[in-house]
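To start, the structure under review is shown below, and the notes come after it.
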Protein chains: 2
Amino acid sequence: MSILPRLSFKNQAFKLRESAILDAATAVLSQKGYDLMTMDDVAGAVGISKPSLYKHFKSKEELVGEALIRLLDGALDYVAALDPSHGPMQKLSSLLEWALRVRLEGGLPFLPSTSPHVREMLIRNVKYMLRIMKLNRQLEALVKQAQQDGLLSRDLPTDVILYSYYARTCDPAVEYLQKYSKMASDDIVRHMLKVTFEGFH
Amino acid sequence: MSILPRLSFKNQAFKLRESAILDAATAVLSQKGYDLMTMDDVAGAVGISKPSLYKHFKSKEELVGEALIRLLDGALDYVAALDPSHGPMQKLSSLLEWALRVRLEGGLPFLPSTSPHVREMLIRNVKYMLRIMKLNRQLEALVKQAQQDGLLSRDLPTDVILYSYYARTCDPAVEYLQKYSKMASDDIVRHMLKVTFEGFH
DNA sequence: GTCTATAAGGAGATAGAC
DNA sequence: GTCTATCTCCTTATAGAC
């Protein structure tokens, strides 16, 4: 497409490195969380120096924001690719399963942090907020539809179900089952889905 | 009791100040989390200087450990005071309600952090671990009994129920409902209990 | 025991050579 | 664009006067 293939090449290499940086940031972030993740960690994991890192992302906040945006894009893509013939419950269950598997494979949880600093930082991030709001609209619609169909409790406010649904994507029980019970990923996912929708009964 | 009332007085004042420090640490901790809480924050909240703070607690880790130990002692006292005529389900529900109310009133959640640093610090803390293990034994017994009685699902491993129960005590949905839905504390507690035991259906 | 002042070290961000 | 070396600020923790 471009008249300048050399530039295109450079651009491709640049994008590749950027992607590698985001992979590294994602891995470090999922292990240590925002506050304990250092830019040295990320640079070291990619195998570049810190100033090179800053050529790609002008601050720690921007780097983390981009990593989370990529995660949300994955979720939005997943939702868009869901079988339209499925009902709202199947879709909600399917997305939660996807989010849990992403985490179990070393990725990030949605709602990555309850830390006020991180939350405030993300609220200031327009690109991030656009995606969050888009995802939220779609999920809210699914929950409301499921409630109308009588598949989800109509006694519970939609907000309660929606926020609790988000909370399940970052439920610490997942890590505990993985770490202390040595449970296989498939079993963790299965049990978490059951607990989410059916509770303990 | 003491032959030296003056010493006893001093001791009482010392204990009082210690308690005030723990109150302040609890408040800051619940707002900012461990990593972002500074000793200056705590000293400022109590109205003393940082070196005075260090006369009471020799490190940040010890201070936070003691705050969490006090929380666990509260939980253990609560469990010990539960009506013995109640069944395991009532006891589990009652304790979860207590934990949620503590949080809603500005206290700390159990499982205060999934941060590896904090977790490791607490695992090294013998006093803390003794209480955690005691509480865990009692809760595990309640869950197992409820499962035997057919009140909790026997399809779910005990671990899944137990870890998910812990997770509900620090469920971020609570903060979201408080912050964004402006929901009253009583309603939050009621809905969270329902979601925990009955799921979304 | 309480304070003022400060040491020691970590981490985000950058200057400037190549 | 990449690196080495450095700046600057913040935070834990303490020395030493009162």
R17(A) side-chain N/O to dT2(D) phosphate OP1/OP2 under 4.0 Å: yes
Bending between helix ends of the helix from dG1(C)-dC18(D) to dC18(C)-dG1(D) [5 pairs per end, 10° resolution]: 20°
Evaluation steps, salt bridge (Lys or Arg N to Asp or Glu O under 4.0 Å), between R70(A) and D23(A): CA-CA 10 Å; R70(A) 197 178 58 161; D23(A) 289 343; 2.9 Å; yes
Acceptor/donor pairs from residues 133-144 of chain A side chains to any protein atom, 3.5 angstrom cut, sequence neighbours excluded:
| unit_1 | atom_1 | unit_2 | atom_2 | d |
| --- | --- | --- | --- | --- |
| N136(A) | OD1 | Y166(A) | OH | 2.4 |
| E140(A) | OE2 | K144(A) | NZ | 3.4 |

Close side-chain approach of T169(B) to M192(B), heavy-atom, < 4.5 Å: no
Check: D171(A) and V195(A) side chains under 4.5 Å, non-hydrogen atoms: no
Any residue meeting ring-ring contact (aromatic ring centres under 6.0 Å, His included) with H117(A), in chain and number order, not counting sequence neighbours: Y34(A)
Nearest-nucleotide pick for S49(B), side chain only, options being dC3(C), dG1(C), dC3(D): dC3(C)
Contact list for residues 59-107 of chain A, test ring-ring contact (aromatic ring centres under 6.0 Å, His included), sequence neighbours left out: Y78(A)-W98(A)
Any side-chain donor near an acceptor of the partner, T38(A) and D40(A), under 3.5 Å: no
Results of side-chain contact (heavy atoms from CB on, under 4.5 Å) for E62(A) - residues two or more places apart only: F57(A), K58(A), S59(A), E66(A)
Interatomic distance where CG belongs to L53(B) and C1' belongs to dT4(C) [whole Å]: 16 Å
Base versus backbone protein contacts along nucleotides 11-18 of chain C [heavy-atom cut-off under 4.0 Å; B, S, -]: SBBBB---
Phosphate OP1/OP2 of dG1(D) contacted by S52(A) side-chain N/O (<4.0 Å): no
